[in-house]
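The next block holds one structure in the form of structure tokens; read it before the comments.
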Amino acid sequence: MLPLSLIFLSCFALVNAGSANRGENCTQSNSRLQTGTFQFFSDCNSVTYCAANGTCALKGCRKDDFPFGYTGNTRVPDKCGRGEFCPDEADACLPLLAVGSACQLNRDDQCEGPPNFVELRDTTNRGLNFNGSVCLNNKCMWANKTAGNTCTVENTAYIAYGPSGEFIDIVSRGDCVVGLYCDSASKQCMKEKALGAACTADKECSSWNCLSTGTCGTDTSVPRHVGTWVYVIVAIGIFGGIFGTLTGLFLLHRRQRDQEREKRMQYWREQNAFHQNLLQMRQTARASILSPGNGNSPRSTMYGRDGMHSDEAPILQHAAPKGSGLRHYMGDDSSEYDEGMMMQPSKRGDDNRF
Ligand SMILES: *[C@@H]1O[C@H](CO)[C@@H](O)[C@H](O)[C@H]1NC(C)=O
Ligand SMILES: *[C@@H]1O[C@H](CO)[C@@H](O)[C@H](O)[C@H]1NC(C)=O
Ligand SMILES: *[C@@H]1O[C@H](CO)[C@@H](O)[C@H](O)[C@H]1NC(C)=O
Ligand SMILES: *[C@@H]1O[C@H](CO)[C@@H](O)[C@H](O)[C@H]1NC(C)=O
């Protein structure tokens, strides 16, 4: 039962919502950010929020393009318009907050932008600020601190999970202008470091990637390009593999073909030799019948007739009948016996068994 309940609990953590349906009781004070993940949690399920009257009511807005938990016929609430934001609770759209107002963690979009938002806003897609404004330590401010200014820093320790288990991932945010970072120790805006410079955190590098060796590495979002020689080697590998296989198969099959041809050749020579032996036997028999004093023997009827091939010119008359490779191939276990049987005619030419 324990593993099941654990799975159930972890499902809860995944959907980031309670189980209470619309109209069911909830307690607003239970709404919180989850430990480690800092996801918003309430007693109500993912399509409702905990209203002030202690019941779950349908959400009134959304901040995501594709909000979680909506199925089939559930109506998805609209996103908020310009100058408004949808809070974590998602009860209703609220007007943007002025500098100094309380905002929710990582919700830079809840704060009103500065007049010079065009030059302050983050266009690097790193989430440094939203439209020039930033929410640090739950307070709206503008990301307008320049080099040497005292800045505000917010360090959030997330629980992250890697192959070697749980570890703490500290995300450090500040209100310096884009291109500078807020040094946690001195609370001063510093210039982002170039490739190869010594660093202690990702935020210090302009590439946003502080390697484990303590130097700034290349941007992990930059596509990796390989040299032309790699393409050449891959192409050679592919075509070499194809033609190598074809050539190898051709050579292998040619050898097999030659072996088969040689076997047939041997078989043919053997058969021809037997045929010649039979002709000789027949001629010997005929000669012995025709010679005086031998009279008519029953053999004369057997051997008297001219064979169909008696006049055929012997092609390989005295070719030594080697054991046929084909026969060897067909029955390896009785090859000696075969050999003996087939060799008999040549040894005992006038054996009348043949
Ligand atoms: C919900 O709250 C109301 C009022 O506090 C209470 O009467 C009711 O029993 C509660 N319902 C459940 C299912 O807890
Ligand atoms: C509780 O408040 C919500 C939102 O204002 C409203 O939709 C719902 O009808 C109220 N429920 C009760 C029981 O008053
Ligand atoms: C950015 O902030 C300015 C000034 O408050 C505002 O006029 C503008 O609409 C904002 N832009 C976006 C995309 O929110
Ligand atoms: C910088 O932003 C703060 C609010 O965070 C504002 O009070 C201050 O006037 C701004 N300074 C400049 C030079 O824009």
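In what follows, every heavy atom counts, from backbone to side chain, and hydrogens, waters and symmetry copies are set aside. Note that the numbering runs from 1 along the sequence shown for the chain.
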Verify same cluster id: I159, V171 (apolar side-chain graph, 4.5 Å): no
Minimum heavy-atom distance between D183 and C151, given as atom pair plus value: N-SG, 4.4 Å
Side-chain (D219) to main-chain (S221) donor-acceptor, under 3.5 angstrom: yes
K193, NZ atom: more than 12 neighbouring heavy atoms under 6.0 Å: yes
N129 and D108 side chains, donor-acceptor separation under 3.5 Å: no
Lys/Arg-Asp/Glu bridge criterion (N-O < 4.0 Å) met for R107, D88: yes
Sidechain N-carboxylate O distance under 4.0 Å for R257, E260: no
Interatomic spacing from CG in L211 to CG in D202 - rounded to 0.5 Å: 9.0 Å
Considering all heavy atoms, the nearest Q110-F85 contact: CG-CD1, 3.3 Å
Test item: side-chain donor near acceptor, S172 and K203, under 3.5 Å: yes
Path from V234 to W229 over hydrophobic side-chain contacts below 4.5 Å: yes
Non-hydrogen atoms of G113 and W142 that approach each other most closely: C-NE1, 3.7 Å
Backbone of N30 reached by a side-chain donor or acceptor of R32 within 3.5 Å: yes
R62 side-chain N/O to P77 backbone N/O, donor-acceptor pair under 3.5 Å: yes
Polar side chain donor-acceptor pair, T200 to E204, under 3.5 angstrom: yes
SG atoms of C210 and C216 less than 2.5 angstrom apart: no
Polar side chain donor-acceptor pair, E89 to Q104, under 3.5 angstrom: yes
Min side-chain heavy-atom separation E24-N21 under 4.5 Å: yes
S46 vs F68 side-chain heavy atoms within contact, under 4.5 Å: yes
Check: N45 and S19 side chains under 4.5 Å, non-hydrogen atoms: no
Distance-only side-chain donor-acceptor flag, T213 / T215, under 3.5 Å: yes
E112 and L97, any side-chain heavy atoms less than 4.5 Å apart: no
Steps toward side-chain contact (heavy atoms from CB on, under 4.5 Å) verdict (V177, L120): CA-CA 6 Å; V177 295; L120 292 184; 3.7 Å; yes
Closest approach of T146 to L180 (non-hydrogen atoms, all atoms of both residues): C-CD1, 3.5 Å
Electrostatic pair K63-D109, nearest N-O below 4.0 angstrom: no
Interatomic distance, C182 atom SG to K187 atom NZ [nearest 0.5 angstrom]: 7.0 Å
Side-chain donor or acceptor of S133 paired with backbone N/O of M141 under 3.5 Å: no
Any donor-acceptor N or O pair under 3.5 Å, side chains T55, N53: yes
L128 vs W208 side-chain heavy atoms within contact, under 4.5 Å: yes
Side-chain heavy atoms of E84 within contact of L94, under 4.5 Å: no
Approximate separation, where rounding is to 0.5 Å, of W268 CH2 and R264 CZ: 15.0 Å
Under 2.5 Å between SG of C80 and C86: no
Steps toward side-chain contact (heavy atoms from CB on, under 4.5 Å) verdict (L136, R173): CA-CA 7 Å; L136 297 178; R173 311 187 69 221; 3.8 Å; yes
D122 side chain vs T124 backbone, donor-acceptor pair below 3.5 Å: yes
SG-SG distance C56 to C50 under 2.5 Å: no
D258/R261 salt bridge by N-O under 4.0 Å criterion: yes
Cluster check F239, I233: I/L/V/M/F/W/Y, side chain < 4.5 angstrom: yes
Candidate pair K79 and D65, rule salt bridge (Lys or Arg N to Asp or Glu O under 4.0 Å), full reasoning: CA-CA 8 Å; K79 287 176 88 173; D65 286 338; 2.5 Å; yes
Full working for side-chain contact (heavy atoms from CB on, under 4.5 Å) between R269 and N272: CA-CA 5 Å; R269 280 197 214 102; N272 197 45; 5.6 Å; no
Neighbour count above 12 (heavy atom, 6.0 Å) for F167 CZ: yes
Side-chain donor or acceptor of T48 paired with backbone N/O of C44 under 3.5 Å: no
Atom pair CD (Q271) and NE2 (H275), whose distance is rounded to the nearest 0.5 Å: 10.5 Å
Beyond-backbone contact of Y70 with V47, side-chain heavy atoms, under 4.5 angstrom: yes
Side-chain donor-acceptor pair present, N209, S207, cut-off under 3.5 Å: no
Ionic contact status for E192 with R126, cut-off 4.0 Å: yes
Shortest non-hydrogen contact between C26 and D43, atoms and distance: CB-CB, 3.7 Å
Side-chain touch N149/Q188, heavy atoms, less than 4.5 angstrom: no
Spatial distance of atom CZ (F41) from atom CD (Q39) [nearest 0.5 Å]: 11.0 Å
Considering all heavy atoms, the nearest L105-Y158 contact: CD2-OH, 4.3 Å
Rounded distance (nearest 0.5 Å) linking atom CZ of F243 with atom CD1 of I238: 12.0 Å
